[in-house]
2 protein chains.
Amino acid sequence: MTRRRGSPDARVVKTHERLAQALVALTLERGYDAVTVRELTARAGVGYATFFRHCSSKEALLEQLLTDTLDDLMARLTPQLVTSDLARIGTLVFGHARDHADRYRVLLRTGEITGLLERCTRLGTETLSATFIPKPGSVVPFEVAAHHLVHSFIGLVAWYLDAGLPHTPERMGEILEALILEPTYRVALEAKK
Amino acid sequence: MTRRRGSPDARVVKTHERLAQALVALTLERGYDAVTVRELTARAGVGYATFFRHCSSKEALLEQLLTDTLDDLMARLTPQLVTSDLARIGTLVFGHARDHADRYRVLLRTGEITGLLERCTRLGTETLSATFIPKPGSVVPFEVAAHHLVHSFIGLVAWYLDAGLPHTPERMGEILEALILEPTYRVALEAKK
DNA sequence: GAAGTTATGATATACACTGTATCAGAAATG
DNA sequence: CATTTCTGATACAGTGTATATCATAACTTC
């Protein structure tokens, strides 16, 4: 039974951490599909049956990894959003990706499984709608601009990780601004009055 | 044994077509992972063992679907590339996607499995390198620009299909130009002299 | 159109992985 | 320290993969 509040059993958190870490490591080694639950538990140093006491499936573990990571990222991002300090968002995201590179690699590489793009697009569209309105007469619909912004942002993060973190988060923030944010704003968006 | 040349056995092509069609249909219905080879052969009206005489696995069938589709697309695109008629590329690609919408949906939805992004990035980078050089002093490296171009292009095609083909290929070509091609060229590329 | 070649269908089988159940023992909480 | 709860080990049924075999049907070539 899950404990309601206060003190989670130390064994539970330890097992969960080991499983998540093993999933990341094995996915990077052999690819997500090739990883079996038996390998996973062996790598984690955990009994086979114990896995199913934590997750209903391998996908559920990945799903929770995404949720945890997104929650952590949003906790750092939200303060910048309320102060409308949009310029720093790029730096923060790329810094977060760098700090959790392996985890990000797994989540981005198995993005279609976790529904990462859909969830981020929803977040991004809501954020955009709060700050911008469609630019009148633009050839680019608002919906397309929002999708493009999120999708190419994620793509840039994925490239950053695949390329082995060749630049600082600040530099990547500048690239993001020049290649994606500024053009999208200029062509399709208008600041809310 | 595979025939060397001339006349491929009519049974082979029929079986292969049925299998490919069944894979597309079932993937759109239940999702790629949920599709089993048994379902596949049942839907295709083909014996179970026959599947493995054509493909080594479900992934191999998907892989071949991607190869066939990319070959067909490139055959239509190449003439435009040599005449440097880059403006028409967008229209051609979106038209091709519209004409083979279900197949595209499957390939884009399972992109990480088929390695679609990697192969398209290679193609796109080669094409770009033939026509453009890095813009001196740009904050955006050539490699990043090439990756961005291809990745966001693919993302726009994927949106087009998910949204249910709400615009004409010509209109999508204009959006592509305004949102992706023009900004990337302006910020990071320079025409070869 | 006939002969020979080749793919197919049906069936059986070995193997791998999943997900669940059980139970004794270890570890954490209060 | 006593009780609760998690864990490890093991067994098991169910499902899906991949291969092998053989009689039959379909196709190509001449």
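Atom CG in A/L40 sits roughly 13 Å away from atom P in D/dG8 (whole-Å rounding). Straight-line distance from the CZ atom of A/R18 to the P atom of D/dC6: 17 Å, rounded to whole Å. Taking atom CG on B/D9 and atom P on D/dA26, their separation rounds to 12 Å, with Å as the unit.
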Quick tally for nucleotides 11-21 of chain D: nucleotides whose base has a protein heavy atom under 4.0 Å get B, sugar-phosphate-only ones S, the rest -, giving -----SBBBBB
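At a threshold of 4.0 Å, the pair B/R186-B/E182 counts as salt-bridged, since one of the basic side-chain nitrogens sits closer than that to a carboxylate oxygen. For the pair B/E63 and B/R119, the salt-bridge criterion is met [side-chain N within less than 4.0 Å of a carboxylate O].
The same ILVMFWY cluster, assembled from side-chain heavy atoms under 4.5 Å apart, contains both A/I180 and A/L123.
Contact annotation: A/T50 side-chain N/O to D/dG8 OP1/OP2 distance is under 4.0 Å. Phosphate contact (OP1/OP2 of D/dC6, side-chain N/O of A/T15, threshold under 4.0 Å): absent.
If you check the side chains of A/E177 and A/Y185, you find no donor sitting under 3.5 Å from an acceptor.
Between B/R76 and B/P79, the shortest heavy-atom distance links the atoms O-CD, 3.5 Å. Residues B/G155 and A/H147 approach most closely at O-CE1, 3.5 Å, considering heavy atoms.
One donor-acceptor pair, N or O on each side, does fall under 3.5 Å between the base of D/dA26 and the side chain of B/R11.
In the helix from C/dG1-D/dC30 to C/dG30-D/dC1, the terminal helix axes, each the rotation mapping four pairs' C1' atoms onto the next four within five end pairs, subtend 50°, rounded to 10°.
Other residues, nucleotides and ligands contribute at most 12 non-hydrogen atoms within 6.0 Å of the CD atom of B/Q21.
Counting non-hydrogen atoms under 4.0 angstrom, B/H54 reaches the backbone sugars and phosphates but no base.
Applying side-chain hydrogen bond (donor to acceptor under 3.5 Å, both in side chains) to A/H96 and the options A/T91, A/T69, A/D72 leaves one that passes, A/D72.
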